[in-house]
Amino acid sequence: MRILGIESSCDETAAALVEDGVSILSSVVASQLATHARYGGVVPELASREHLRAIVPVVRLALEEAKTGYSDLAAIAATMGPGLVGSLLVGLTFAKSLSFARNIPLIGINHIEGHIHAAMLDSPVDFPAVALIVSGGHTHLYEVGEKSSYRLMGKTRDDAAGEAFDKVAKLLGFGYPGGPVIDQLAPYGNARAVPFTLAKMKGNALDFSFSGLKTAVLRWTQARDLAAEIQARRDLLAAHPRPTADEWRSATPQTTLDLLASFQRTVIEELLRRAVAAAESTAARSLIISGGVACNTGLRAAARELHLPYPVHFPSPALSTDNAAMIAAAAFPKLARGEFTDLSAAATAGLALA
Ligand code: KG4
Ligand code: ZN
């Protein structure tokens, strides 16, 4: 049973072929990073235009690499939301057209459900599970049941974790996206140097907040004269778009490395303490951590060091960031249950999973 997955919710145009919900036959991701980097974030209008340019060749390549024809497809799965509506529309409309023209059933997928299923592509997961989805747009905790049932346990009240990484990096002249650069530099800093306070949440203690931390970083920078070093990093970025870790390091004094390490440690603590509390409160048999921020090596190491009594599933880095294999994987249980999506279904920017 082969499913063609299509993902276009943000700034990646992706298509993948997945067999029986677990074997990835192909996974093609066309990144728009080069387009958006110079604007310091994703520009929705440009994203839609890039998706339009990429969707046909990306789907064609995914089919070719998997040596799969349209007649081999059991279903076409496409992200319906949440995301940028103009971006979602490109992938979903393409999927609907293909579904209509070739008479192949359509399965609309929630992007978050895709990130959760990314973890199941690498190894089987025991249920009930708790899933922490941490990306540029989301910081959400779900209880996940066996039959694709989801219960929202907590979410960010302001910035997403990835957004916090991106904003801090931008503020300090490290460009976009910020997560990978901070991840590379954090090991060179003292993570205890800047004592940031952890957020205390009134009401649901499993909710997250990163705006206080972001403001604390802003105050820290304002209290110092960093203009020259920030300019040096902007110059580095202008000279070539992807400086190496060593180049970044040589443009970053120890105090700033210490700040980055302390910031990253605080984000990791905020994420893990709530994920662990959620898993304990539901007697979860596994913990899934997925989404772009799940690539973070410090987060992976910290989760390992907790020696939790249940397995922690991180998808491989390529499956943690946006991709279409996770969309096809999430569609497989729905195909088995005959849950198809009508061609009148709309792309929904704020589509909720639960
Ligand atoms: O899942 P994703 O590719 O797209 C969204 O759905 O948002 O996540 C992108 C986010 C960005 O905010 C990026 O800075 C962050 O994931 N990210 C990281 C790392 N790699 C990507 N954050 C921390 N450490 C990383 N290694
Ligand atoms: Zn995502």
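Quick note: numbers below take in every heavy atom, side chains included, and nothing from hydrogens, waters or symmetry partners. The chain is numbered in sequence order, starting from 1.
Within the structure, the ring-ring contact (aromatic ring centres under 6.0 Å, His included) test picks out no pair touching residues 177-208 (sequence neighbours left out). Within the structure, every pair that satisfies the salt bridge (charged side-chain N to carboxylate O under 4.0 Å, His left out) test and touches residues 163-179, not counting sequence neighbours, is listed here: Asp159-Lys167, Glu163-Lys167. Applying the ring-ring contact (aromatic ring centres under 6.0 Å, His included) definition to pairs two or more places apart or across chains, none involves residues 15-40.
Closest of all the heavy-atom pairs between Ala193 and Asp258 is CB-CB, 3.6 Å. Ala75 and Ile107 get closest at one heavy-atom pair: CB-CD1, 3.8 Å. A pairwise comparison of heavy atoms in Ala30 and Ala54 identifies CB-CB, 4.4 Å as the closest pair. The minimum heavy-atom distance linking Val181 with Phe174 is given by the pair CG1-CD2, 3.6 Å. Among all heavy-atom pairs drawn from Gln264 and Asp183, the shortest one is OE1-CA, 3.3 Å. Shortest non-hydrogen contact noted between Ala16 and Ser27 is CB-CA, 3.8 Å.
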Under 3.5 Å, sequence neighbours excluded: what are the donor-acceptor pairs made by side chains of residues 215-223?
unit_1	atom_1	unit_2	atom_2	d
Thr215	OG1	Ser211	O	2.8
Thr221	OG1	Val217	O	3.0
Thr221	OG1	Leu218	O	2.6

In residues 307-329, what donor-acceptor pairs under 3.5 Å come from side-chain atoms, sequence neighbours left out?
unit_1	atom_1	unit_2	atom_2	d
His313	ND1	Ser123	OG	3.2
Ser320	OG	Arg300	NH2	3.2
Ser320	OG	Pro315	O	3.1
Ser320	OG	Ser316	O	3.2
Asp322	OD1	His111	NE2	3.1
Asp322	OD1	His115	NE2	3.0
Asn323	OD1	Ala325	N	3.0
Asn323	OD1	Met326	N	2.9
Asn323	ND2	Leu319	O	3.1
Asn323	ND2	Thr321	O	2.8

Could you pull out every donor-acceptor pair under 3.5 Å between side chains of residues 344-354 and any protein atom, sequence neighbours left out?
unit_1	atom_1	unit_2	atom_2	d
Ser344	OG	Asp342	OD2	2.7
Thr348	OG1	Ala346	O	3.3

Which donor-acceptor pairs under 3.5 Å do side chains of residues 61-69 form with protein atoms, sequence neighbours excluded?
unit_1	atom_1	unit_2	atom_2	d
Thr68	OG1	Arg2	NH1	2.8
Thr68	OG1	Ala66	O	2.9

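One N or O on the side chain of His51 and one on the backbone of Cys10 form a donor-acceptor pair closer than 3.5 Å. In this structure, Ser9 contributes its side chain and Gly83 its backbone to no donor-acceptor pair below 3.5 Å. Looking only at distances, a side-chain donor or acceptor of Arg285 sits under 3.5 Å from a matching main-chain atom of Phe127. Checked by atom type and distance alone, the side chain of Thr139 never pairs as donor or acceptor with a backbone atom of Thr156 at under 3.5 Å. No donor-acceptor pair closer than 3.5 Å links the side chain of Thr79 to the backbone N or O of Glu7. Side chain of Thr93 to main chain of Leu89: a donor-acceptor pair is present (N/O by atom type, distance under 3.5 Å, no hydrogens or angles). In terms of modelled atom types and a separation under 3.5 Å, the side chain of Ser99 and the main chain of Ala95 share no donor-acceptor contact.
For Tyr176, there are no side chain to side chain donor-acceptor pair (under 3.5 Å) partners, not counting sequence neighbours. In terms of the side chain to side chain donor-acceptor pair (under 3.5 Å) criterion, Ser48 has no residue partners (sequence neighbours excluded). With sequence neighbours excluded, no residue satisfies side chain to side chain donor-acceptor pair (under 3.5 Å) with Arg249. Taking Glu339 as the reference, Arg337 meet the side chain to side chain donor-acceptor pair (under 3.5 Å) condition, with sequence neighbours excluded.
Separation of atoms CG (Leu141) and CD1 (Ile288) is listed at 11.5 Å; rounding is to 0.5 Å. The CG atom of Leu171 sits 6.0 Å away from the CD1 atom of Ile230 when rounded to the nearest 0.5 Å. The CD1 atom of Ile24 lies 11.0 Å from the CG atom of Leu17; values are rounded to the nearest 0.5 Å. Interatomic distance, CG of Leu152 versus CD1 of Ile112, reported as 9.5 Å (0.5 Å rounding). Of the inter-residue distances, the one linking Leu185 atom CG with Leu259 atom CG reads 11.5 Å to the nearest 0.5 angstrom. Rounding to the nearest 0.5 Å places CD of Glu50 at 10.0 Å from OG of Ser87.
Within the 4.5 Å cutoff, no side-chain heavy atoms of Thr282 are placed close to those of Pro128. Annotation: side chain of Phe94 is in contact with side chain of Val59 (closest heavy-atom distance under 4.5 Å). Within the 4.5 Å cutoff, the side chain of Ser281 has heavy atoms near those of the Met153 side chain. Two residues are said to be in side-chain contact when any heavy atoms from C-beta on lie closer than 4.5 Å; Ile3 and Ile76 fail this criterion. Between Asn296 and Ile268, the closest side-chain pair of non-hydrogen atoms falls below 4.5 Å. In this structure, the side chains of Ser31 and Asp11 stay at 4.5 Å or more apart for every pair of heavy atoms. At a threshold of 4.5 Å between non-hydrogen side-chain atoms, the residues Asp20 and Phe332 count as touching. Contact annotation: the side chain of Asp207 approaches that of Lys155 to within less than 4.5 Å [non-hydrogen atoms, C-beta and beyond].
Cluster partners of Phe100, using a side-chain heavy-atom cutoff of under 4.5 Å among ILVMFWY residues and allowing indirect links, are Leu106, Leu343.
Enclosure of atom CZ in Arg224 by more than 12 non-hydrogen atoms of other residues, nucleotides or ligands within 6.0 angstrom is indicated. Atom CZ of Arg273 has more than 12 heavy atoms from other residues, nucleotides or ligands within 6.0 Å. More than 12 non-hydrogen atoms from other residues, nucleotides or ligands lie less than 6.0 angstrom from CE of Met201. Remark: Arg49 CZ is loosely packed, at most 12 non-hydrogen atoms of other residues, nucleotides or ligands lying under 6.0 Å away.
In this structure, Glu113 pairs ionically with Lys334, as a charged nitrogen and a carboxylate oxygen lie closer than 4.0 Å. Salt-bridge annotation for Glu229 and Arg233: present, with a side-chain N of the basic residue lying under 4.0 Å from a carboxylate O of the acidic one.
Under the 30°/60° scheme for interplanar angles, the aromatic rings of His140 and Tyr142 are found to lie parallel.
Taking hydrophobic clusters as Ile, Leu, Val, Met, Phe, Trp and Tyr residues chained together by side-chain heavy-atom distances below 4.5 Å, Ile55 shares a cluster with Leu73.
Judged by distance alone, the side chains of Ser209 and Asp158 do bring a donor and an acceptor atom under 3.5 Å apart. Of the N and O atoms on the side chains of Thr35 and Gln32, not one donor lies less than 3.5 Å from an acceptor on the other residue.
Ile289 pairs with exactly one of Ile133, Leu272, Val130 by the side chain to side chain contact (heavy atoms under 4.5 Å, CB included) rule, that one being Leu272.
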Check: Please walk me through it: do Thr266 and Glu269 pass side-chain hydrogen bond (donor to acceptor under 3.5 Å, both in side chains)?
Finding: CA-CA 5 Å; Thr266 310; Glu269 273 187 41; over 6 Å; no
